[in-house]
Amino acid sequence: MKGRIVVVKEYGKPFEIEEYDVPEPEPGAVLLRMTQAGVCGSDLHTWRGDQTQEHMPIPPTGRVMGHEGTGIVEVLGEGVATDTLGTPIEEGDRIVYSAIFPCHRCHLCLRGDTNWCANRAYPTAGVYPYFTGTYADFLYLPSRHPFFRVPDELPDDLLN
């Protein structure tokens with residue numbers, strides 16, 4: 001199965017769409033089929049190059065875009081039976097997830113401040129598992145990444 005991602009290769013230029021093989025999730029990981037993706041101010045800053053042009057140049061393969069959104073569980077990795085709060089989860093369930101992808105190893109993550117992760121990197125295009133941004137058909141949530149089942153009574157337009 002193939003899927004698409006959106007990549008910025010030059011600041012201020014149109015996005016490019018790239019296609020990759022969709023990976024099977026490793027144990028503890030989750031693969032989402034994206035249903036909504038939000039446009040965050042940080043996405044605009046990245047595209048314009050406001051904060052990153054000098055200190056964080058775009059990698060040669062480009063940067064995968066988007067980090068906010070919601071999706072439907074496409075595939076659960078081995079060992080995943082509940083969301084982060086312990087609610088049973090299965091393929092086809094709607095979920096939301098933490099928009100921040102921490103390393104879980106730096107001193108800030110280890111003290112519980114994952115939103116300040118010292119090693120948080122912007123996703124590079126062309127690097128496995130490829131689906132690391134929400135402007136895509138799929139999103140790969142690595143093991144230990146916080147995600148939460150959405151109650152059935154909540155409509156999609158409230159999730160993003």
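Everything quoted here is computed from the prediction, not taken from an experiment.
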Practice task
Search all heavy atoms of S143 against all heavy atoms of P27 and return the closest pair with its distance.
Solution key: CB-O, 3.9 Å
Exercise for the section: With sequence neighbours left out, write down each residue that passes side chain to side chain contact (heavy atoms under 4.5 Å, CB included) with T82, or none if nothing qualifies. Expected result: none
Problem - Residue list, salt bridge (charged side-chain N to carboxylate O under 4.0 Å, His left out) with D137, at least two apart or on another chain - result: R4
Pairs of donor and acceptor atoms involving the side chains of residues 144-151, under 3.5 Å and at least two apart or interchain, shall be tabulated with distances.
from: H145; atom 1: NE2; to: S98; atom 2: O; distance (Å): 2.8
from: R149; atom 1: NE; to: D93; atom 2: OD2; distance (Å): 3.4
from: R149; atom 1: NH2; to: D152; atom 2: OD1; distance (Å): 3.2

Problem - Members sharing V75's hydrophobic cluster (side chains within less than 4.5 Å) - result: M1, I5, V7, Y20, V22, L31, V64, Y128, Y130, F131, F138, Y140
Problem - Rounded distance (nearest 0.5 Å) linking atom CG of L141 with atom OG1 of T132 - result: 11.0 Å
Handout entry: Atom of C106, atom of A118 and distance for their closest heavy-atom approach
Key = SG-N, 3.4 Å
Practice task
For residues C109 and T114, determine if any side-chain heavy atom of one lies less than 4.5 Å from a side-chain heavy atom of the other.
Solution key: yes
Fill in the blank from the handout: Closest non-hydrogen atoms of G133 and A136, given as atom of the first, atom of the second and distance, are O-CB, 3.4 Å
Practice task
Give a yes or no on this: more than 12 heavy atoms of other residues, nucleotides or ligands lie within 6.0 Å of atom CD1 of I72.
Solution key: yes
Problem - Shortest non-hydrogen contact between T61 and A125, atoms and distance - result: OG1-O, 2.6 Å
Problem - Results of salt bridge (charged side-chain N to carboxylate O under 4.0 Å, His left out) for E19 - residues two or more places apart only - result: none
Exercise for the section: Could you tell me whether the side chain of W116 reaches within less than 4.5 Å of the side chain of H107, counting heavy atoms only? Expected result: no
Exercise for the section: Rounded to the nearest 0.5 Å, what's the gap from CG on L32 to OG1 on T70? Could you check? Expected result: 7.5 Å
Problem - side-chain hydrogen bond (donor to acceptor under 3.5 Å, both in side chains) partners for N115, two or more places apart - result: none
Exercise for the section: State yes or no: do V6 and L139 share one hydrophobic cluster built from I, L, V, M, F, W and Y residues joined by side-chain heavy-atom distances below 4.5 Å, directly or via other members? Expected result: no
Exercise for the section: Check V8 against M65 and note the closest heavy-atom contact, atom names and distance. Expected result: CG1-SD, 3.6 Å
Handout entry: Taking every non-hydrogen atom, the tightest pair across A99 and E68
Key = CB-CG, 4.0 Å
Fill in the blank from the handout: For I100, the hydrophobic cluster (side chain heavy atoms closer than 4.5 Å, chained through members) also holds none
Practice task
Among residues two or more places apart or on two chains, list those pairs meeting salt bridge (Lys or Arg N to Asp or Glu O under 4.0 Å) that have a residue in residues 74-92.
Solution key: R33-E74
Handout entry: Results of side-chain hydrogen bond (donor to acceptor under 3.5 Å, both in side chains) for D21 - residues two or more places apart only
Key = K2
Problem - Linked, directly or transitively: I95 and Y135 (ILVMFWY side chains, under 4.5 Å) - result: no
Exercise for the section: Can you measure from CD (E10) to CZ (F15) and round to the nearest 0.5 angstrom? Expected result: 13.0 Å
Problem - Pairwise salt bridge (Lys or Arg N to Asp or Glu O under 4.0 Å) hits with a residue in residues 99-108, at least two apart - result: none
Problem - ILVMFWY cluster, F101 and V96 together (side-chain gap under 4.5 Å) - result: no
